Protein chains: 2
Amino acid sequence: MPRAGLTPATVVREAAVLADEVGYEKLTLAALAARLGVALPSLYKHVRGVDALHQQLAVLPTAEIADVLTTAAAGRAGGDALRAVAAAYRAYARQHPGRYPAAQRAPDPADAEHVAAGERAAGAIRAILLGYGLDGDDAIDAIRMFRAAVHGFVALEAAGGFGLPRDTDRSFDQLIAGLDRAYRSWGDR
Amino acid sequence: MPRAGLTPATVVREAAVLADEVGYEKLTLAALAARLGVALPSLYKHVRGVDALHQQLAVLPTAEIADVLTTAAAGRAGGDALRAVAAAYRAYARQHPGRYPAAQRAPDPADAEHVAAGERAAGAIRAILLGYGLDGDDAIDAIRMFRAAVHGFVALEAAGGFGLPRDTDRSFDQLIAGLDRAYRSWGDR
DNA sequence: CCTTAAAGCTAATGCTATTAGCCAAGATGC
DNA sequence: GCATCTTGGCTAATAGCATTAGCTTTAAGG
């Protein structure tokens, strides 16, 4: 019987694919093992368990989000960059309904790769905020504001939380427009 | 052997208490049955299963949030009301870490009580927005903005997503201040 | 070629959810 | 006050998933 040739990385990557197909909460070691053509306990040679898999699984989408945001911001500034980055974030969440929730898991401080990916994502936003004249603690607050607004929106949207027959695209545009105004008027009362 | 005297309502209410203690994702029929002093399968006389329990469990916190928001808004208007309602929302989420996530489940349109509770919560926000001159589709967008921003913030906060050593209370104040500015400048470019 | 680390396996255990079918508690009707 | 009938709660059985233990054999490396 030849070996499957798995590594922790391949297991986690396949878990990401599977999560997008069946949903994050329905991601199961049993289904993952079947997908990889391997018996369930064999996975324990590569991941410590389902909880560790979830933790590991957070790294990939975090890095992908960082990439997507960085790409979207390239060559733009101000409200232009803000809209592009927000749209890219939302698009990622919709295209990856399984791995996006995985990314919400906070990094283990000991996981340098995960921490770095998170910082890269935050850095993409921070660069835009610099164009609004925001830095230091203001930038931290403004980044948290961006994350709260955009994550909150896509989470509620994915959960079917917007019931009224009003186009969510419009609402999202208004959200980002409001964010833009909030950033521009940061110092005001 | 005397009966436990359970009803669907008591089961769901105890589930809410248990969820706050052990966390929404760790809420289990087995633990709930033990808590109620009953064998696990007995619960099936009151709820159709774990999925139905989750759905039912969404109603209580939605109604409680509606209450909390309504109370907080009473006697206030404008930015004052906005701050009070946002603070009340966040406080509820922190005090009820188990049932708050339960409330994110979208209502079954056939569940009139659930739908009504959601509308009551939205109504509390809508009333405030009226003070900003927002109604119609603008109000819908603005309500979605409020929900996205505040839910996103408390969700990220609860998940430990704000890693930097910056006081989250300050960040929350800034978020709501930004929301207030966005509402006040709604028509602007 | 031999050794050895480890990838993958089977077997076993435990927890959770779910269904089926039984029994008795307690409400209802006479 | 008694008979009846609904139904809440039970035990037993099944199935799925996670986890651990221990074995086998691959395949890399001296």
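None of these values were measured; they are calculated from a predicted model.
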Less than 6.0 angstrom from the centroid, inside 45 degrees of the normal: does Arg144(B) satisfy that with respect to the ring of Phe162(A)?
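Satisfied, under 6.0 Å and within 45°.
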Nearest-Å distance for atom pair [atom1]/[atom2], residues [X] and [N]:
X	N	atom1	atom2	result
Leu32(A)	dG16(D)	CG	C1'	16 Å
Arg48(B)	dT19(C)	CZ	C1'	13 Å
Asp51(B)	dT16(C)	CG	P	18 Å
Leu29(A)	dA18(D)	CG	P	4 Å
Glu25(A)	dT16(C)	CD	P	20 Å
Tyr44(A)	dA7(C)	OH	P	16 Å
Leu43(B)	dA20(C)	CG	P	17 Å
Leu27(B)	dA17(C)	CG	C1'	13 Å

Nearest-neighbour nucleotide for the Leu6(B) side chain, dT10(C), dT18(C), dG9(D) considered
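Among dT10(C), dT18(C), dG9(D), the one nearest the side chain of Leu6(B) is dG9(D).
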Between dT11(D), dT20(D), dT16(C), which nucleotide has the shortest distance from any of its atoms to the side chain of Ala30(B)?
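The nucleotide sitting nearest to the side chain is dT16(C).
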Between Asp67(B) and Arg120(B), does any NZ, NE, NH1 or NH2 come within less than 4.0 Å of an OD or OE carboxylate oxygen?
yes
How close do Pro97(A) and Asp20(A) get, counting heavy atoms only, and between which atoms?
N-OD1, 3.5 Å
Is the phosphate of [N], meaning OP1 or OP2, less than 4.0 Å from a side-chain N or O of [X]?
X	N	value
Thr28(B)	dA17(C)	yes
His46(B)	dT7(D)	no
Ser42(A)	dC9(C)	yes

Would you kindly say whether Tyr24(A) and His96(A) are connected by a side-chain donor-acceptor distance under 3.5 Å?
no
Remember a base hit wins even if backbone is also touched, and classify Ala39(B) as base, sugar-phosphate or nothing at under 4.0 Å, heavy atoms.
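Counting heavy atoms under 4.0 Å across all strands, the contact made by Ala39(B) includes a base.
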Relative to the 5' end of DNA chain D, which residue comes earlier, Lys45(A) or Leu40(A), by the nucleotide with the nearest heavy atom?
Leu40(A)
Side-chain touch Leu156(B)/His151(B), heavy atoms, less than 4.5 angstrom:
no
